[in-house]
Amino acid sequence: MRPDPAGPAIEEVTDLPALERLQPEWDALWQAVPDATPFQSPAWLIPWWRHVGDGALLALALREGGRLVGLLPFYRYARPEGTGRLLFPLGIATTDYLDALLLPSQAPALAALGRHLALRADADAWEWPQLRAGSALLALPVPAGWTEEVAAADPCPCLALPERLDALATRISAKTLRDLRTVRRRAEQAGMLDWTTEAAGIEAPFDALLRLHAARWATRGEGGVLADPAVQAMHRDALPALHRAGLLRFHVLRLDGEIVAVLYALVDPPGRAARRIYFYLSGFDPALERLSPGMLLVGQAVEAAMAEGCVVADFLRGRERYKYFWGAEDQPTFRRRLVPPCAAC
């Protein structure tokens, strides 16, 4: 730790045991940052580092009077082909809304954190994707002599939710709502239909998601985003903690008792301003595509999210057509790249 009589101290966290010891404080900080998403919580990022991360951990913990008031969870990655060393945020590739966690009162410390990184990161570039507008990492001052590039990244389509179900027509087109009623009737005629939002037990929905997601992608000759055993292990590790924290939602559709569709979602904790549900991943039986299981999933999840006080349904990155069918509108994200003087010349 570097003591600084003029301000907070910066502590480097460089191995997994130290990161795991930080978890209780990290969770308290995450709860205190007003706009932090579930993807910035230790319940998500520690399992990611255990199973998916590949490189040298370099997280910066900012302390004031011994209390954790900021966290920049990074790691250094050396490309296998030897073409560069990059400083990435934990969660890259599988996660949206990557960012620092910083109490609002600590914004002036960003310059000191940037200077510390410039001295210690030992990387040819810092690559930070999927940053929201207003991100702390977008606001971090450029170290002296460095060059910066900020570019648009994949947008995240979002649907603003009304307070009442009967007001959905003000946000979603009449055609979409009419189609939803039609596919619900069609599904009910196909057999015994049962919707649940799993509140107990997470293994059966996740196992079904793996099976259904793989089956759907197999029709395209691909494995899907859950094909990697390390990614599967990360989720199995993360799900219990997400569930205990009340952040996990599995929306499950059963037909004649069998799970035929699953939507894996995360939700902001109760009391969070502008509370969101995040639609992370889904899977359904491709043999039942005529029943429009994807539409059934989203329709059920939107209504359930409204019932628990969410005001935004966030479809996360990507411009898939179905998101706009629901009336979602693009919210920008950004990629920021910072390059030190020696690498820029």
Side-chain angles (χ1 to χ4, degrees), residues 1-14 26 29-30 33-37 39-40 45 49 53 55-64 68-79 82-93 95-156 317 330-345:
M1 185 180 292
R2 178 188 57 81
D4 183 352
I10 299 172
E11 171 188 348
E12 293 183 4
V13 181
T14 58
W26 183 350
L29 174 63
W30 175 78
V33 174
D35 61 350
T37 74
F39 302 112
Q40 295 167 266
L45 288 179
W49 180 246
L57 183 66
L58 180 63
L60 299 187
L62 187 70
R63 294 188 180 277
E64 188 170 54
L68 186 70
V69 294
L71 182 67
L72 279 63
F74 295 132
Y75 73 104
R76 292 169 293 193
Y77 175 76
R79 287 179 170 149
T83 57
R85 299 160 301 161
L86 301 171
L87 185 76
F88 285 143
L90 300 192
I92 194 170
T95 309
D96 294 339
Y97 304 138
L98 302 170
D99 202 0
L101 279 177
L102 201 66
L103 292 179
S105 62
Q106 299 301 318
L110 280 171
L113 288 162
R115 289 192 298 270
H116 188 98
L117 271 180
L119 291 172
R120 299 286 296 148
D122 188 26
D124 299 311
W126 303 349
E127 291 271 4
W128 302 336
Q130 297 304 125
L131 302 174
R132 292 175 292 176
S135 156
L137 291 184
L138 273 179
L140 187 143
V142 179
W146 287 51
T147 59
E148 173 193 36
E149 175 191 340
V150 177
D154 289 337
C156 293
R317 82 178 85 163
D330 284 347
Q331 301 298 310
T333 68
F334 302 91
R335 167 187 165 272
R336 191 181 192 197
R337 178 181 173 89
L338 295 169
V339 181
C342 57
C345 32

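Each residue takes its place number in the sequence, starting with 1.
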CH2 of Trp128 to CG of Leu140: how many Å apart, nearest 0.5 Å?
5.0 Å
Over all atoms of both residues, closest heavy-atom pair of Gly114 and Pro143
O-CG, 4.1 Å
Keeping Asp96 on the side-chain end and Arg317 on the backbone end, is there a donor-acceptor pair under 3.5 Å?
yes
Applying salt bridge (charged side-chain N to carboxylate O under 4.0 Å, His left out) to Arg336 and not counting sequence neighbours gives Glu148
Non-hydrogen atoms of Asp124 and Gly84 that approach each other most closely:
OD2-CA, 3.4 Å
Is there side-chain contact between Leu101 and Trp26, with at least one heavy-atom pair below 4.5 Å?
yes
If you round to the nearest 0.5 Å, how far is CG of Leu98 from CD1 of Ile92?
7.0 Å
Results of ring-ring contact (aromatic ring centres under 6.0 Å, His included) for Trp146 - residues two or more places apart only
Trp126
Heavy-atom nearest pair, Ala136 first then Leu110, reads O-CD1, 3.8 Å
For Arg120, all residues meeting salt bridge (charged side-chain N to carboxylate O under 4.0 Å, His left out), sequence neighbours excluded:
Glu12
Looking at Ala100 and Gln40, what are the two nearest heavy atoms and their distance?
O-NE2, 3.4 Å
Note, Cys156 side chain near Gln130 side chain (heavy atom, < 4.5 Å)
yes
When you measure from the side chain of Trp30 to the backbone of Thr37, do you find a donor-acceptor pair of N or O atoms at a distance under 3.5 Å?
yes
Please examine the side chains of Asp122 and Arg85, heavy atoms only from C-beta on, and report whether any two atoms are closer than 4.5 Å.
yes
Do Leu138 and Asp99 have side-chain heavy atoms sitting under 4.5 Å apart?
no
What distance do Leu113 atom CG and Ile10 atom CD1 have between them, rounded to the nearest 0.5 Å?
4.5 Å
Heavy-atom pair of closest approach, residues Gly70 and Leu102:
CA-CD1, 3.8 Å
State, with a plain yes or no, whether a side-chain heavy atom of Thr333 is found less than 4.5 Å away from one of Tyr97.
yes
I'd like to check Phe74 versus Leu137 (side-chain heavy atoms, cut-off strictly below 4.5 Å). Are they in contact?
yes
What are the two closest non-hydrogen atoms of Ala125 and Val339, and how far apart are they?
CB-CG2, 4.2 Å
List the residues meeting salt bridge (charged side-chain N to carboxylate O under 4.0 Å, His left out) with Arg76, not counting sequence neighbours, and say none if there are none.
none
Partner set under salt bridge (charged side-chain N to carboxylate O under 4.0 Å, His left out) for Asp154, not counting sequence neighbours
none
Set of side chain to side chain contact (heavy atoms under 4.5 Å, CB included) partners for Asp35, sequence neighbours left out:
Val33, Arg132
Output for pair (Gln106 CD, Leu71 CG), nearest 0.5 Å, gives 13.0 Å
